[in-house]
> 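What follows is a single structure, and I will ask about it in a moment.
A, B, ... follow the sequence lines: proteins, then strands. Residue 1 opens every chain. No experiment lies behind these values; they were computed from the predicted model shown. Keep in mind that the numbers below use all heavy atoms, side chains included, and drop hydrogens, waters and symmetry copies.
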Amino acid sequence: MCGRYASARKKHELLEEFQVELDGDPDQELGADYNVAPTKNVYAVLSRVPKEAERAVRQLRIVRWGLVPAWAKDPSIGSRMINARAETLAEKPSFRQAFAKRRCLLPADGYFEWMPVEGDDGKKRKQPYFIRPDDGGVLAMAGLYEFWKDPSRADDDPLKWLVTCTVITTDAEDELGRIHDRMPMMIEQDRWAEWLDPKLTDAETVSGLLVPASPGRLAAIPVSTDVNNVRNNGPDLIKPLPPEEAPALF
DNA sequence: CCAGACGTTGTT
DNA sequence: GTCTGG
DNA sequence: CCAGACGTTGTT
DNA sequence: GTCTGG
């Protein structure tokens, strides 16, 4: 699955790597985040037709992780909507609309998975792994975004509309499956444009874009349990553990 | 009809 | 044990 | 995903 | 808002 990831690239790098036309939040830049957790703000690449325009424009926006459906009475439900199963997206009431019209990419340097292991003392513990492309390239996780109108705020309040997102999950490929049986769905660069196209609303066609990532591109690196606590952050969280402290993977 | 859910993961 | 918050 | 709370009243 | 269960 995907319940934690890293996103440390600068905004200008993302604008370039994702061939973004419009910076949706020109006044805001997120700091390098090596411990992105649910409810935090993240970058999303999406394509929408701006007001009074006729053409969809690829843009980079800051959204909150944890999708709040339009019908929610309050936004707290978002912390339980951090993932959406690729297999059932098209039917689930919480995701169906977003799947048809509001798909996005969530840029990541890599994501974290916790593997249950037996410690030297026989006690159960969990070893975190950082999973990232072995060539250091950017990951484009498939996501959905949604708008939620906050009834407690005035119409002219800039916070009237909350924009949230969820990460789509799929079965993990063989090697990664040993750590965890689910993983975030990745979109290859040659499918970005189609995935983001808001005019493409046919569920079957869109589902066809959700193909498992090509295997063998990702490396799983054992890291310190410092990542467990969301208050910790910084590049040390993705540093490989010294070999003597790293449990044998396979 | 109304009430209540609407989600995923992992673990036992 | 289970829910909420980050 | 993991960590941390899990509660109410009244008083400062 | 829309679906499911009773």
Side-chain angles (χ1 to χ4, degrees), chain A residues 1-7 30-43 62-102 106 108-119 123-132 139 141-151 161-162 164-172 176-185 201 203 210 218 220-234 236-238:
Chain A
M1 70 156 322
C2 184
R4 214 71 77 78
Y5 66 97
S7 179
L30 298 174
D33 197 340
Y34 296 89
N35 202 352
V36 178
T39 73
K40 288 175 100 175
N41 284 338
V42 298
Y43 288 120
I62 295 171
V63 305
R64 200 176 80 171
W65 186 12
L67 188 142
V68 179
W71 43 259
K73 289 193 182 62
D74 74 87
S76 63
I77 192 173
S79 55
R80 298 193 298 282
M81 303 279 187
I82 64 169
N83 291 137
R85 292 177 64 87
E87 297 88 335
T88 52
L89 273 176
E91 294 96 52
K92 296 291 181 185
S94 298
F95 301 132
R96 222 175 38 185
Q97 306 298 83
F99 182 54
K101 295 174 159 179
R102 288 180 293 278
L106 300 164
D109 300 332
Y111 62 96
F112 295 96
E113 295 284 17
W114 281 259
M115 184 173 70
V117 293
E118 194 138 307
K123 286 211 178 105
K124 302 245 186 219
R125 40 180 227 96
K126 280 187 167 184
Q127 173 60 49
Y129 287 84
F130 185 57
I131 297 161
R132 47 161 263 212
L139 284 180
M141 299 190 294
L144 307 176
Y145 67 96
E146 187 57 277
F147 294 99
W148 183 74
K149 193 178 182 180
D150 188 342
W161 289 94
L162 177 66
T164 58
C165 69
T166 190
V167 175
I168 297 173
T169 61
T170 185
D171 276 328
L176 293 175
R178 311 223 197 191
I179 298 176
H180 242 72
D181 60 343
R182 302 288 294 175
M183 66 182 287
M185 176 73 75
T201 58
L210 291 177
L218 299 171
I221 299 157
V223 294
S224 149
T225 53
D226 288 349
V227 71
N228 291 11
N229 197 314
V230 297
R231 289 178 305 213
N232 296 331
N233 214 319
D236 285 357
L237 296 185
I238 63 171

> Pairing of DNA chain C as dot-bracket, 5' to 3': ( ) intra-strand, [ ] crossing, | other strand, . unpaired, with Watson-Crick or G-U pairs under 3.5 Å?
||||||
> Taking the side chain of M81(A) as its heavy atoms from C-beta onward, which of dC2(D), dT8(B), dG7(B) lies nearest to it?
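Comparing dC2(D), dT8(B), dG7(B) against the side chain of M81(A), the answer is dG7(B).
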> Measure the acute angle between the ring planes of Y145(A) and F147(A), then classify it against the limits of 30° and 60° as parallel, tilted or perpendicular.
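Ring orientation of Y145(A) relative to F147(A): perpendicular.
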> Closest-nucleotide mapping onto DNA chain B: is C2(A) or W71(A) further toward the 5' terminus? I mean the 5' end.
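First, find each residue's nearest nucleotide; the 5'-ward one identifies W71(A).
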> State which of dC2(D), dG7(B), dT8(B) makes the closest approach to the side chain of N228(A).
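Closest nucleotide among those given: dC2(D).
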> How about NZ on K40(A), more than 12 heavy atoms from neighbouring residues, nucleotides or ligands closer than 6.0 Å, or not?
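Atom NZ in K40(A) is crowded, with more than 12 foreign heavy atoms closer than 6.0 Å.
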> Choosing from dG10(B), dG7(B), dT8(B), which nucleotide comes nearest the side chain of S94(A)?
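Minimum distance to the S94(A) side chain belongs to dG7(B).
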> Identify whether any heavy atom of R85(A) sits under 4.0 Å from a base atom; if not, whether one sits that close to sugar-phosphate; answer base, sugar-phosphate or nothing.
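Sugar-phosphate only.
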> Tell me, please, the opening and closing nucleotides of DNA chain E, 5' to 3', among those with an atom under 4.0 angstrom from a non-hydrogen atom of chain A.
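Contact boundaries, 5' end first: dG1(E) to dC3(E).
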> How is T166(A) classified with respect to the nucleic acid when contacts are heavy atoms under 4.0 Å: base, sugar-phosphate, or nothing?
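Answer is nothing: T166(A) stays at 4.0 Å or more from every strand.
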> When you get a sec, tell me which of dC2(D), dT9(B), dC6(B) is the closest nucleotide to the side chain of R4(A)?
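Of the options given, the side chain of R4(A) lies nearest dC2(D).
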> So what does P69(A) touch, heavy atoms closer than 4.0 Å: a base, only the sugar-phosphate, or nothing?
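Here P69(A) touches no strand at all.
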> Can you list, pair by pair, the side-chain donor-acceptor contacts under 3.5 Å of residues 72-85 of chain A, counting residues two or more places apart and other chains?
unit_1, atom_1, unit_2, atom_2, d
D74(A), OD1, S76(A), N, 2.9
D74(A), OD1, S76(A), OG, 2.4
S79(A), OG, S76(A), O, 3.2
N83(A), ND2, C2(A), O, 2.9
N83(A), ND2, V167(A), O, 3.3

> Mind checking if T39(A) touches a base, just sugar-phosphate, or nothing, with heavy atoms under 4.0 Å?
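Counting heavy atoms under 4.0 Å across all strands, the contact made by T39(A) includes a base.
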> Side-chain N or O of K40(A) less than 4.0 angstrom from OP1 or OP2 on dC2(D)?
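So the side-chain polar atoms of K40(A) never come under 4.0 Å of the phosphate oxygens OP1 or OP2 of dC2(D).
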> Hey, does the side chain of Y43(A) reach the backbone of L30(A) with a donor-acceptor pair shorter than 3.5 angstrom?
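Checking the backbone N and O of L30(A) against the side chain of Y43(A), a donor-acceptor pair under 3.5 Å is found.
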> Identify whether any heavy atom of L67(A) sits under 4.0 Å from a base atom; if not, whether one sits that close to sugar-phosphate; answer base, sugar-phosphate or nothing.
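Counting heavy atoms under 4.0 Å across all strands, no contact is made by L67(A).
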> Side chain of P38(A): nearest nucleotide among dT9(B), dC2(D), dC1(D)?
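The nucleotide sitting nearest to the side chain is dC1(D).
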> Any side-chain N or O of H180(A) less than 4.0 Å from the OP1 or OP2 oxygen of dG10(B)?
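Yes.
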